[in-house]
Amino acid sequence: MAKIAFNPVEATYKIIDGSPVVELYGKSSGKQVCVQFHGFEPYFWALGESEITDEKITKIEKHKKSFLGKEVEAKKVFVKIPADVPAVREKSDSLEADIPFARRFLIDRKITPLATYEADGAFVESDYKCEVFRAEKIGIVSEEISEQKVLAVDIETHTDFGKEIIPENDPIIMIALHGNNFRKVLTWKHFDNNLGYIEVVDSEVEMLERFRELVEEYKPDILTGYFSDGFDLPYLKARADKYRTNMKLGLDNSEIMLRKGNVPVAEITGIAHIDIFKFVKRMFRTAFTSFKLNDVAQELLGQGKAQVKLEELYASWNEEKGLEKFAEYNLTDAKLTYELCIKLWPNITELTKMIGVPPAEASRMSFSQLVEWYLIKEAHEFNELVPNRPDFSEERKRRVESYTGGYVYEPTPGLYKDIVVYDFRSLYPTIISAHNISPDRIILGKDSEDGVLKGISFGKEKGFISTVIDNVINRRLRIKEMAKGKEDKSLEARQQALKTVANSIYGYYGFFGARWYNLDCAKAITAYGRHHMQDVIEKAKTVGFNVIYGDTDSIMLALEGKHISAASKFVEGINKKLPGIMELEFEGLYKSGIFVATKGRETGAKKRYALMDEEGKMKVRGFETVRRNLSLIAKQTQQKALEMILQGKTSNEVAEFVKDVVKQLRSKQTETRMVVIKTQISRDIKSYANIPPHVAIAKRMQEQGKKVGPGTMVSYVVAEGKGVIRDRSKLPEEVAAGEYDAEYYVRNQVLPAVGKLMEVIGYNPEELLEERQQKKLETFFG
DNA sequence: GCTACTCGGGG
DNA sequence: GTGTACGAGTAGC
């Protein structure tokens with residue numbers, strides 16, 4: 001018998017001689033290994049008294065379990081192979097009959113990917129690309145994780161810029177690889193260069209084969225790319241298919257696997273494929289507005305992509321000229337991707353360890369999935385049975401159910417000075433904990449003791465989910481305590497992971513696809529949230545504060561000459577009376593803020609405001625920010641006007657600025673690029689039932705003999721004329737300078753963008769147009 | 001207000 | 001594969 005220590009990074013299973021064998025791929029003494037485990041039996045749970053018989057059932061055990069607050073006797077029904085489960089589960093009220101086999105193994109054996117385990121057994125013969133170890137026993141050694149070898153991949157294709165990228169037609173012309181002390185750009189045309197990392201082969205197919213070889217030699221544990229689920233890996237596979245060669249990157253010699261669905265996923269057996277774009281997009285969902293590699297890298301790494309004109313690549317390749325800079329560009333993309341993956345790896349690691357699923361999966365999971373898989377893992381620890389997923393009709397029913405959300409205090413439109421903002425720290429998680437909001441503790445028909453909930457209350461004994469969230473919150477507080485004064489990336493990442501899950505549980509209760517879906521819980525949480533908010537607002541007013549705004553968990557007070565310490569003292573008093581771990585905390589102090597009116601009314605718009613801090617940094621919420629189908633002139637005017645107002649410029653100054661923009665538009669001096677609206681064509685032109693402006697443009701482009709299809713970016717300008725917008729839309733090159741419809745841009749773009757701002761500073765937006773009326777009169781009489 | 005549609009990331 | 005999928009914003013009616 002041999003003993004090895006290893007860190008699993010991937011889990012799957014195979015049927016060998018009619019029995020399932022779990023395979024854990026990972027690292028052992030710096031080398032890739034596949035640890036096989038025989039003898040883990042597939043099973044599911046069945047409720048109810050009735051007898052279940054099926055020839056596929058190998059044995060049935062009886063166990064005492066809890067299920068949604070009830071003690072039940074459940075039958076553990078075993079079958080020979082995982083695929084037997086779907087065939088047998090229909091015969092009873094089954095539970096946990098859809099937990100994938102490899103994941104079931106991880107949960108039951110308490111194996112957390114990336115941690116260190118020891119296996120007893122022996123190496124066996126195989127044709128795999130790594131050694132295969134047959135384990136008799138697997139046990140945890142430590143939670144320590146080993147260093148992972150990361151390889152980033154990026155491809156360039158031969159695509160006419162602006163056209164749809166078609167894998168069947170457009171060859172791959174360069175492939176960049178970037179690892180630790182490893183960089184390479186493969187290509188199949190010779191060109192002069194001083195770059196040491198270029199390797200030239202004779203054809204695309206040779207390049208694909210060389211790529212496969214390089215991956216095999218480098219032996220990465222992690223393969224990463226930017227949007228590689230939807231682009232690089234499927235593309236590599238498609239090109240390999242075309243040449244009837246293979247893209248068998250899997251350690252078990254399997255192909256790249258593409259999961260079809262709404263969201264594409266590419267998988268490689270034994271190597272964790274991380275599409276770092278997906279992870280970034282979830283992690284920074286609210287923090288970033290753009291998720292292009294250049295912007296994300298700029299934000300997280302402080303450096304952007306290599307500056308090239310990508311639209312020149314196509315011709316450059318044809319003419320075999322100027323290719324060096326594109327090779328550099330290609331490598332830079334791979335390098336940035338590599339560095340993003342390295343930088344975010346601690347976060348992926350901590351999420352993996354917390355949720356207990358392999359990194360390739362944890363990195364792609366939505367918030368509700370993270371919560372769900374965490375709860376499934378915990379359920380096993382708590383001897384709880386996992387509820388089933390909703391069926392189609394149940395899901396549809398849930399989709400239309402709605403309920404009251406957070407409390408929003410309606411602001412009085414205006415410009416304010418010296419604003420202090422307080423937040424309830426983790427409002428919903430702390431409510432779940434403090435008020436024991438758990439599906440297994442619901443008591444219907446009884447009001448809560450504090451009088452907040454009517455017709456429902458929650459028992460005193462801690463429930464499953466409220467216990468789980470309690471643990472999560474407490475662990476997070478301990479870690480934050482430990483991390484104090486230190487710069488520990490993994491501690492920071494761990495508290496982030498805990499926060500992510502804690503913050504997602506409320507949304508999970510109300511998510512239509514959730515196993516522990518519970519609208520009563522979701523409603524109770526928001527009811528408590530509204531109660532506590534209203535309570536604070538009322539008390540603030542009582543002691544003489546001017547409450548200007550409040551939304552769900554935050555409240556803004558105008559100091560109006562009061563010292564900030566008066567506000568702190570007030571909040572201290574509030575905190576003493578809040579139940580459990582609930583707490584109101586200081587968020588920030590702002591020197592000015594603007595709140596606008598709702599459309600067509602006098603009342604203050606909710607969720608639409610801008611604040612400016614001492615350093616002049618703006619915090620803009622709810623205004624039209626960066627939407628590409630809004631013209632630049634509208635976006636820029638709004639941004640600038642907001643800035644001026646918050647900096648304390650007079651209403652005359654701001655009005656003059658906007659009037660200037662209007663004047664420029666009307667006097668036809670605005671550059672065409674400022675009035676261009678861009679939209680992409682997504683499908684075949686003929687298949688549109690309705691014709692929006694950009695489709696009308698696309699049709700005309702077709703008539704002119706231009707190739708227009710899915711992927712084409714259509715830019716258009718609304719020109720002067722009669723009828724609906726689509727009849728007046730023209731291609732930017734068709735319009736002469738100043739041919740745009742000034743009135744459209746003034747009234748439909750600029751004015752809506754700044755109108756409400758102008759009202760706040762005492763300007764009737766109509767006044768901004770008056771110049772034209774005068775002009776009209778002049779021309780009439782002139 | 002509802003429905004149809006687009007977009008994101010990638011070249 | 002013992003599974004599975006988005007989510008927000010806009011134009012047109």
Side-chain angles (χ1 to χ4, degrees), chain A residues 12-13 15 20 42-45 77 79 81-89 94-105 154-167 170-174 225-235 257 259-265 275-278 280-282 285 289-296 308 310-311 313-314 317 326 329-330 333 337 361 364-369 372-373 389 395 511-513 624-625 627-630 677-683 687-695 710-711 713-714 724-726 748:
Chain A
T12 180
Y13 80 97
I15 302 293
Y43 71 89
F44 63 93
W45 295 98
V77 182
V79 291
I81 59 167
D84 289 341
V85 172
V88 180
R89 67 181 170 202
S94 62
L95 288 170
E96 304 188 22
D98 57 357
I99 312 276
F101 186 63
R103 201 167 288 173
R104 174 92 269 168
F105 177 78
D154 182 62
I155 65 168
E156 304 300 325
T157 66
H158 190 232
T159 306
D160 199 359
F161 196 80
K163 299 270 167 65
E164 193 195 2
I165 309 168
I166 305 165
D170 307 350
I172 298 174
I173 53 181
M174 290 178 190
Y226 203 83
F227 196 48
S228 43
D229 269 342
F231 188 67
D232 302 76
L233 291 198
Y235 213 106
M257 289 168 289
R259 253 190 279 164
K260 270 285 163 213
N262 224 345
V263 186
V265 175
D275 184 342
I276 202 68
F277 155 71
K278 287 236 174 92
V280 167
K281 207 168 139 198
R282 188 195 56 214
R285 192 167 67 161
T289 47
S290 159
F291 292 92
K292 291 179 196 312
L293 176 56
N294 186 54
D295 300 337
V296 168
V308 297
L310 203 52
E311 55 270 32
L313 174 59
Y314 186 75
W317 180 260
F326 288 108
Y329 169 82
N330 191 200
D333 277 9
T337 304
E361 311 210 34
R364 285 177 178 78
M365 281 180 174
S366 64
F367 292 105
S368 54
Q369 285 174 310
E372 189 146 286
W373 283 104
R389 302 163 53 83
E395 204 178 273
F511 169 58
F512 59 81
E624 297 82 357
T625 42
R627 303 205 45 106
R628 78 172 175 198
N629 46 6
L630 203 62
I677 301 165
K678 290 180 184 175
T679 314
Q680 202 177 34
I681 298 292
S682 71
R683 27 193 199 110
S687 67
Y688 283 91
N690 288 329
I691 314 285
H694 71 284
V695 177
M713 179 69 70
V714 173
V724 291
I725 295 168
R726 68 161 168 261
N748 295 37

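Because the structure is a prediction, the values reported are computed rather than measured. Throughout, a chain's letter reflects where its sequence line sits, starting with A, and its residues are numbered from 1.
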Looking at C:dT2, does its base get a donor-acceptor pair with the side chain of A:E96 below 3.5 Å?
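In this structure, the two groups form no donor-acceptor pair.
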Which nucleotide wins on minimum distance to the side chain of [X], given the candidates [options]?
X      : options               : value
A:R104 : B:dG8, C:dT2, B:dG10  : C:dT2
A:R259 : C:dT2, C:dT4, B:dG10  : C:dT4
A:L313 : B:dG10, B:dG11, C:dT4 : B:dG11
A:D154 : B:dG8, B:dG11, C:dT2  : B:dG11
A:P82  : B:dG9, C:dT2, B:dG10  : C:dT2
A:Y329 : B:dG9, B:dG11, B:dG8  : B:dG11
A:E361 : B:dG10, C:dT4, C:dT2  : C:dT4

Looking at every strand, decide which applies to A:R89 at a 4.0 Å heavy-atom threshold: base, sugar-phosphate, or nothing.
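Sugar-phosphate, no base atom in range.
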Results of salt bridge (Lys or Arg N to Asp or Glu O under 4.0 Å) for A:R259 - residues two or more places apart only
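Testing A:R259 for salt bridge (Lys or Arg N to Asp or Glu O under 4.0 Å), a comparison that skips the adjacent residues, returns A:E267.
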Mark this stacking check for A:F161 against B:dG11 as yes or no, applying ring centres under 5.5 Å and ring planes under 30°.
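Per 5.5 Å and 30° rule: yes, stacked.
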How far, in whole Å, is C:dT10 from B:dG9 if one measures between their P atoms?
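Here B:dG9 and C:dT10 have their P atoms 16 Å from each other.
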State whether A:R103 places a side-chain N or O below 4.0 Å from either non-bridging phosphate oxygen (OP1 or OP2) of C:dT2.
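So the side chain of A:R103 is outside the cut-off, no N or O lying under 4.0 Å from OP1 or OP2 of C:dT2.
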